[in-house]
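See structure below.
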Amino acid sequence: MPLLKEGKELNDPRVLTDVGDVPVQEIRDCGVDDDRLVNIISESIKLVLEEAPLRPLVLGGEHSISFPVVRAVLEKIRGPLDILHLDAHPDIYCSFEGNKYSHASSFSRIMEGGYARRLLQVGL
């Protein structure tokens with residue numbers, strides 16, 4: 001069994017656990033409005049945060065999930081985050097195609113809401 005430096009086994013669910021996916025596109029396809037979908041994503045992250053010592057590692061998904069994920073983490077830790085955003089686009093449109101929660105607007109919502117103390121965007 002592979003061990004971490006602290007002597008914990010990597011297959012220990014307290015070290016790394018896949019808690020599944022939030023089926024964002026399927027929920028959207030069912031006609032759920034964007035405000036409600038953002039809340040569903042945030043609440044899913046909060047569920048993980050409530051289970052100490054778990055911490056979310058969010059991989060994949062389109063960029064529209066960035067805002068609700070950051071919002072949930074901030075509400076748990078009670079303070080603004082420093083964010084390193086690696087991307088080819090800044091995702092700071094006020095809205096895109098009439099959607100303020102679009103993939104191109106996530107970091108506008110994060111900065112407007114005061115969820116980030118600093119935002120460093122690399123790769124643009």
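Computation of the quantities below employed the complete heavy-atom set of this structure, encompassing side-chain atoms and omitting hydrogens, waters and symmetry-equivalent molecules. Predicted, not measured: the structure shown is a model, and the values here were computed from it.
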pair Leu119-Ile110: side-chain heavy atoms closer than 4.5 Å:
no
Which heavy atom of Ala116 sits nearest to which heavy atom of Pro80, and what is that distance?
C-CB, 4.0 Å
Give a yes or no on whether the ring-centroid distance for Phe107 and Phe67 is below 6.0 angstrom.
no
Quick check: does any side chain N or O of Ser108 sit under 3.5 Å from a backbone N or O of Ile92, one acting as donor and the other as acceptor?
yes
Ion pair check, Arg28 and Asp34, cut-off under 4.0 Å
yes
Close side-chain approach of His63 and Asp87, heavy atoms under 4.5 Å
yes
Could you verify whether a donor N or O on one side chain and an acceptor N or O on the other, from Ser105 and Ser102, lie under 3.5 Å apart?
yes
Testing the basics here: between Ser42 and Pro68, what is the closest heavy-atom pair and its distance to 0.1 Å?
OG-O, 2.8 Å
Using the side chain to side chain contact (heavy atoms under 4.5 Å, CB included) definition, which of the options Lys100, Arg109, Arg71 pairs with Val38?
Arg71
If you look at every heavy atom in Asp33 and Asp35, which pair is closest and at what distance?
OD1-N, 3.1 Å
Side chains of Arg36 and Ile41, heavy atoms from C-beta outward: is any pair under 4.5 Å?
no
Side chains of Glu43 and Asn39: any donor to acceptor distance under 3.5 Å?
no
Excluding sequence neighbours, so at least two apart, what forms salt bridge (charged side-chain N to carboxylate O under 4.0 Å, His left out) with Lys76?
none
